Amino acid sequence: MEFADKLGVSDRIVSRWEADGEQASIRMVNQAALDTLLAKADKDTQGRFVGILAADDVPTHTVIEPEGEGTSSGDYVKYPGDGRLMACVPEGIFLSGPRDEPIWVDEFLIDTFPTTNADYARFCAATRHAVPEHWENGRCPRDLYDHPVVHVTWRDADAYATWAGKSLPTAEQWEKAARGTSGRTFPWGDQKTAAKCNVRETGVESTTSVSRYHSGVSPYGVYDMVGNVWEWLATATTPGRYELRGSAFTSPLFRGAPAVPNDANNMMHDDDTGFRCTATPAQMASQKR
């Protein structure tokens with residue numbers, strides 16, 4: 001609705017463009033408005049726009065501008081199922097857990113950002129899945145569109161992943177995407193730097209935009225692997241309970257170390273718990289058929 005207001009068109013028109021995808025037919029006056037809006041956008045928004053223009057068959061390499069030691073770049077692809085940007089994590093061994101034990105993980109893709117409110121709203125609209133209970137009148141507040149979705153149970157997260165043709169990450173996948181191969185304590189290195197993420201010490205006391213902390217990205221260019229929201233994983237700990245990783249704005253920095261596990265009942269939901277998805281090369285290939 002906010003986007004439609006900026007363009008001077010109805011939200012139904014924007015929804016139709018979104019549904020039609022690359023086949024959308026856009027009037028010249030509306031295309032001009034879109035071009036003007038993009039030209040006035042900040043560099044981060046323009047960079048994300050370039051990233052999602054990736055052709056389905058060609059991975060796009062998008063460089064994250066360095067903002068300090070530990071900042072990395074990543075190879076990104078646009079996933080056909082839900083149109084989200086995903087980072088490529090190659091197969092190989094990485095150092096896992098508090099003891100840095102060598103573990104093999106096959107190649108996979110992982111969402112560059114946690115699932116946002118806007119992403120989840122599209123899922124709910126497409127499937128008639130119940131929206132998070134704190135959304136007023138069933139709609140997410142406009143200023144939270146690019147914040148991670150919260151108040152979602154493990155079952156909600158799994159339902160989204162299934163709809164998108166993806167999966168929730170295993171503990172090993174998530175940890176490798178966060179730490180890289182060499183056993184870093186945090187995505188950016190071994191330094192205890194709370195300013196690189198949204199944790200209790202940062203003092204924000206709420207969720208933030210998923211693209212805010214550029215200097216805290218992982219070796220594969222993945223954002224928010226520490227702080228902002230806890231993330232549901234596919235790995236069960238006991239019947240009905242699943243792992244969470246990453247900590248949140250409510251947690252101290254040390255809880256966010258990617259090697260440190262947490263878990264919860266699959267029906268738990270809170271204002272600091274969300275998720276992101278992974279996909280195998282086979283899942284990616286199946287989406288292109």
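Just so it is clear, the structure is predicted and the values come from calculations on it, not from any experiment. Start at 1 with the first residue, then count along the sequence.
The CG atom of Asn198 lies 4.0 Å from the OG1 atom of Thr208; values are rounded to the nearest 0.5 Å. The CG atom of Asp158 sits 7.5 Å away from the OH atom of Tyr242 when rounded to the nearest 0.5 Å. Between atom OG1 of residue Thr278 and atom CG of residue Leu168 there is a gap of 7.0 Å, rounded to the nearest 0.5 Å. Separating the CD1 atom in Ile93 from the CG atom in Leu95 is a distance of 9.0 Å, to the nearest 0.5 Å. One distance of note links CZ of Arg245 with CG of Asn262; it measures 9.5 Å at 0.5 Å rounding. Rounding to the nearest 0.5 Å gives a distance of 10.0 Å between CZ of Arg212 and NE2 of His214.
Between the Arg200 side chain and the Thr250 main chain, a donor and an acceptor come within less than 3.5 Å of each other. Checked by atom type and distance alone, the side chain of Ser15 pairs as donor or acceptor with a backbone atom of Asp11 at under 3.5 Å. Formation of a donor-acceptor pair under 3.5 Å by the Thr235 side chain with backbone atoms of Ala171 is found in this model. In this structure, the side chain of Thr202 does not engage the main chain of Val204 through any donor-acceptor pair within 3.5 Å. A donor-acceptor contact shorter than 3.5 Å links the side chain of Thr115 to the backbone of Phe275. In this structure a side-chain-to-backbone donor-acceptor pair under 3.5 Å is missing from Asp272 to Ala248. Using a distance-only test at 3.5 Å, with no hydrogens or angles considered, a donor-acceptor pair links the side chain of Asp119 to the main chain of Thr116. At least one donor-acceptor pair closer than 3.5 Å links the side chain of Arg84 to the backbone N or O of Phe113. In this structure a side-chain-to-backbone donor-acceptor pair under 3.5 Å is present from Lys176 to Pro90. Side chain of Glu201 to main chain of Leu253: a donor-acceptor pair is present (N/O by atom type, distance under 3.5 Å, no hydrogens or angles).
When the shell of 6.0 Å around CZ of Arg142 is examined, it contains more than 12 heavy atoms from other residues, nucleotides or ligands. Within 6.0 Å of atom CZ in Arg241, more than 12 heavy atoms from other residues, nucleotides or ligands are found, so the atom counts as buried in its surroundings. Other residues, nucleotides and ligands contribute at most 12 non-hydrogen atoms within 6.0 Å of the CD atom of Glu136.
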Stepwise side chain to side chain contact (heavy atoms under 4.5 Å, CB included) test for Leu85 and Tyr76: CA-CA 6 Å; Leu85 211 60; Tyr76 303 124; 3.9 Å; yes

Evaluation steps, side chain to side chain contact (heavy atoms under 4.5 Å, CB included), between His269 and Val152: CA-CA 5 Å; His269 62 89; Val152 286; 5.8 Å; no

Full working for side-chain hydrogen bond (donor to acceptor under 3.5 Å, both in side chains) between Asp190 and Trp188: CA-CA 7 Å; Asp190 295 327; Trp188 55 83; over 6 Å; no

Working for side chain to side chain contact (heavy atoms under 4.5 Å, CB included), residues Asp82 and Arg122: CA-CA 9 Å; Asp82 58 359; Arg122 286 192 290 271; over 6 Å; no

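Scanning both residues, Thr237 and Glu243, for their nearest heavy atoms gives CG2-CG, 3.6 Å. Residue Ala130 comes nearest to Cys124 through the heavy atom pair O-SG, 3.8 Å, listed as atom of the first residue, atom of the second, then distance. In plain terms, the two heavy atoms of Val14 and Val9 that are nearest each other are CG2-CG2, 3.9 Å. In plain terms, the two heavy atoms of Tyr220 and Ala177 that are nearest each other are CD1-O, 3.7 Å. The nearest pair of heavy atoms linking Ser218 to Pro187 is CA-CB, 3.7 Å. Taking each heavy atom of Met284 and Pro80 in turn, the nearest pair found is SD-CD, 3.7 Å.
A salt bridge links Arg179 and Asp100; the closest N-O separation between the charged side-chain nitrogens and carboxylate oxygens is under 4.0 Å. Between Arg276 and Asp224 there is no salt bridge, since no side-chain nitrogen of the basic residue lies less than 4.0 Å from a carboxylate oxygen of the acidic one.
Considering only heavy atoms from C-beta on, Phe249 stays 4.5 Å or farther from Val199 through its side chain. Proximity of Pro132 to Val149: side-chain heavy atoms (C-beta onward) are separated by under 4.5 Å at one or more points. At least one side-chain heavy atom of Val77 sits less than 4.5 Å from a side-chain heavy atom of Cys88. Thr207 places a side-chain heavy atom less than 4.5 Å from the side chain of Val229.
Each ring-ring contact (aromatic ring centres under 6.0 Å, His included) pair with one or both residues in residues 114-144, not counting sequence neighbours, appears once here: Tyr120-Phe123, Phe123-His129, Phe123-Tyr160, Phe123-Trp163, His134-His151.
A donor-acceptor contact closer than 3.5 angstrom links the side chains of Ser96 and Glu175. Ser209 and Asp146 are linked by a side-chain donor-acceptor pair at a separation below 3.5 angstrom, with hydrogens and angles left out of the test. In the model, Asn228 has no side-chain atom that pairs as donor or acceptor with a side-chain atom of Trp230 under 3.5 Å.
Both Phe108 and Phe94 belong to a single network of hydrophobic side chains, linked directly or stepwise wherever heavy atoms of I, L, V, M, F, W or Y lie under 4.5 Å apart. Both Trp154 and Met268 belong to a single network of hydrophobic side chains, linked directly or stepwise wherever heavy atoms of I, L, V, M, F, W or Y lie under 4.5 Å apart. Residues Val89 and Met225 share a hydrophobic cluster, clusters being chains of Ile/Leu/Val/Met/Phe/Trp/Tyr side chains in contact below 4.5 Å. Using a 4.5 Å cut-off between side-chain heavy atoms of Ile, Leu, Val, Met, Phe, Trp and Tyr, with links allowed through other members, Tyr145 and Val210 fall into different hydrophobic clusters.
Taking the ring centre of Phe186 as origin, the terminal cationic atom of Lys196 falls outside the region bounded by 6.0 Å and 45° from the ring axis.
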